[in-house]
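Counting convention: from 1, in listed order, for ligands and their atoms alike. The residues of the chain are indexed from 1 along the displayed sequence.
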Amino acid sequence: MEDPITQDGHSKAVLEKHQELPPTPPISDSCDEDAEELPVVPASSRPTVTLDVDKKTPDSHVPRDPRLIRLTGVHPFNVEAPLSALFNEGFLTSPELFYVRNHGAVPEVLDEDIPEWEFSIEGLVKHPIKLTLRQLCEQYEQITCPVTLVCAGNRRKEQNQVRKTKGFSWGAAGVSTALFTGVAFSELLKKARPLRKARYVCMEGADKLPNGCYGTSVKLNWAMDPNRGMMLAHKMNGSMLTPDHGKPLRAVIPGQIGGRSVKWLTKITVTAAPSDNWYHIYDNRVLPTMVDPEQSANDPGTWADERYAIYDLSVNSATVYPAHEEQISLSKADQSYTVRGYAYSGGGRRVTRVELSVDKGRTWRLANIDYPEDRYRDTERYLYGGRLDMSWRESCFCWCQWSMEVSIAELASANDLIVRAMDESMCVQPKDMYWSVLGMMNNPWFRITIHKQGNHLSFEHPTQPALQPGGWMERVKKAGGNLTNGQWGERIGNEDEDLQESAAVPEVVMTKEGLKNEISIDELRKHDNETDPWFVVNGEVYSGTSFMKDHPGGAQSIISAAGVDSSDEFMGIHSETAKAMMPSYHVGTLSSSAMTTITNGPPSNTSPTDEPRPTFLNPRQWCSAPLTGKRAVSSDTVILTFQLQHSAQTLGLPVGQHLMIRLKDPSSPSGRDALVRSYTPISSTTKQGHLDVLVKLYLDTAATSGGKMSKALHSLAMGATADFKGPIGKFEYQGQGRCVVSGRERHVKQFAMIAAGSGITPIFQVFRAVMQDRGDRTRCTVLNGNRMVEDILCREDLEALLEGNEDRGEVIHTLTKAPYGWKGLVGRINGELMEKHCKRDRDTMVLICGPEALEKSVHKALKEQGWDDEQILFF
Ligand code: MTE
């Protein structure tokens, strides 16, 4: 007979088995007569089905709640609940709305395997221990207590507004509370008997991540101290842990950042030094504010400095009501409004005051604070099979809720509403943020702006999570305000003029001065050809004829645009310099009726009535394809897989050419601006049904706000579509040494291929075409420059292609930040290196792809060595 399934979606027999695990409690689970009522455990309806978006990810075994806001696209799963939904659940959070921070895929643990889940305690201990979860439940006393976990990145979106950090954008809901049941860490450690030199407890999870498993450490004396409340938990609000929260066993480290609470726990090692796990060193730190992303990348010493590691949480608070964009009618001006929110602190310290200001911090008033955690102190009982006894412990490990009545008339006369909290060590939230490269522990005053709109007030929170638009910080920044001017970027009177950022950079003029020539649709159509192509950008018509031979993307780039509105791709791809050249090619302004005709455009290629085409790309029209896969290949590089229209379809991209990808810019105020970039896919040009694009995720630096496209691609939801157009490019490799450059055929006997960073992708296409054809005797030398080992892209694929082809292929890597023991070359690609590895020869062609600075310096060096421009090709 089939095992009945409970409401939780678990097999009943398995649940019973699991519930059998803890010893029978001597005290009943019922309430004490004199105990104040305990906080209500929110009704939980555990999701039972996998959401469509997760089906194609490694987490396809994890059912989830669709209300959660995804902060890092589809996968890995990093989410927070909408702030009001989280707050409305009350003091405790249901597992399905509890924030999740997963660095990678969730390990799959079958219900029936839970009791036999093994973990060990080893290292500097007298009695190493190996235990199953069953033994942990049978042999040790079970305890239950409420704990608030907070991600160190909570409120990071605010930091990202000031200056992009290396972290993704949490709103203010990276905080959740549950009743955890398990065993006190100190009990286990006492059994294992740490040795004299032991100082730290390192923990490891079962997740498999690019840099090994997730691991971190805490101090041994904290773990031994029952006041610190550290535990190994297997239940959350009375049910077994859900997969996202560490099923079947996790550490719960109260009062410290969530990052120390290792999930899917397999190993505890007692050591003399802090954890050397990659995630302990390169995550969960607050580096000094002057270390910018660039510097931090070059400075492993700063990362390893244990002084910058975060343990205790700092004091923090946020207002939940008024919610973002909430409206209050001014007809109620004689009434009051209850402002409400949360606060927490770290290290077991109680939040001792919460203060509100409606005059920009000149005066403050005290809010009422409710401490639901205290209600558990007045009782001793068994709850969920664990002893709940907190009467002896003074520490506060949970968030508290605060409220204050403010008259609506007063809100109407204020511009903003600010909250700050203080804890028992008299640490108070600062007015200004402490920006740091990982954007963690963000805790400045939480400010909501108030706007009078007609007959109501509306409220604006500082930010909205993930890429969601909205919030006063984004608004102020867009208006040119300097968010760090000490006045939240707002100008007060004429003060602080000099602190304001300069206004937006003026647009480059792309039209010919004084030209007045209206162009009809018929006239434009006449130039929809390959010999005299005209194209349209922002309603202006340009002739590309005289530039066809010089266009870096080849004549095809212009021909593809003939007769159509190319505004998106032109504006997306071209530099200020290119735009400044446009007046010379300007021939007139499109008539308004012609504009309507071309913007309505030709019918989409992807309409369902379309005949299936053998190849996907069309140089004249955008074709959309859904995202079906996303795979991280390094910490900042992903491979995105898009599904073509049918399983036999190939991309239709000749070797050596590129395609354009178009996406809506999620950061544009209207959400309608397009981003267009060209890419060379890394899937083979003959691959059927799919297309793989390697995307290096460029993060913003202090100087630039780059990476818009890679961020948009990264946040593209599974199943969402991107538009593709192409091929473009002036170079094509047809095999056996035959190339076509700007329409002219040439034969080469050797390629010198110079690449850096993601510039390897077009080079890789050509290299693969040569190496995969055993009859192709063309020799290829790849000179690939990068900063660090982890920056080398397609390294294994390049090596695999070389196997058996060493007589005609060579791949040389050079690093500017080589690690100890690196066997490749060290330093930048320079003239000397090229002279040594790329011998000048009349039958050799140099293919170059990399950042502009590299392309320039390589070009200069090649010219000095006597290479002819005809032999050099820039992708
Ligand atoms: N443990 C493992 N094994 N892998 C992880 O990715 N993330 C950590 C911590 N433990 C993580 C982990 C971080 S950064 C946080 S904030 C908490 O788990 C989040 O716990 P939650 O997802 O249950 O809310």
What's the separation between atom OG in S120 and atom CG in L265, rounded to the nearest 0.5 Å?
8.5 Å

Which protein non-hydrogen atom lies closest to atom 17 (C) of ligand 1, naming both residue and atom, and how far is it?
G258 O, 3.3 Å

Assess the side chains of Y282 and N277: does a donor N or O sit below 3.5 Å from an acceptor N or O?
no

Indicate yes or no: does an N/O atom of R101 lie under 3.5 Å from an N/O atom of ligand 1?
yes

Over-ring placement of R156 relative to F168, 6.0 Å and 45° cut-offs:
yes

Around atom 20 (O) of ligand 1, find the nearest protein heavy atom and jot down its residue, atom name and distance.
R250 NH2, 3.2 Å

Would you say S261 touches ligand 1, if touching means a heavy atom closer than 4.0 Å?
yes

Can you tell me if R199 has over 12 outside heavy atoms packed within less than 6.0 Å of its CZ?
no

Counting heavy atoms only, which of V262, V79, D207 comes nearest to atom 2 (C) of ligand 1?
D207

Just which atoms of ligand 1 are under 4.0 Å from any heavy atom in C151?
16 (S)

Can you find an N/O atom of H245 closer than 3.5 Å to an N/O atom of ligand 1?
yes

Compute both the distance and the angle, then confirm whether K191 meets the cation-pi test with Y140: under 6.0 Å from the six-membered ring centre, within 45 degrees of the axis.
yes

Going by the 4.0 angstrom heavy-atom rule, the piece of R260 near ligand 1 is neither

Can R260 be said to sit on top of Y311's aromatic six-ring, NZ or CZ under 6.0 Å from centre and within 45° of the ring axis?
yes

Against heavy atoms of N102, which atoms of ligand 1 measure under 4.0 Å?
6 (O)

Please state which option from F98, Y99, W170 has its nearest heavy atom closest to atom 16 (S) of ligand 1.
Y99

Do K263 and ligand 1 have an N or O pair less than 3.5 Å apart?
yes

Within a radius of less than 6.0 Å around NZ of K696, do more than 12 heavy atoms belonging to other residues, nucleotides or ligands occur?
yes

What do you reckon, are the aromatic ring centroids of W303 and Y308 less than 6.0 Å apart?
no

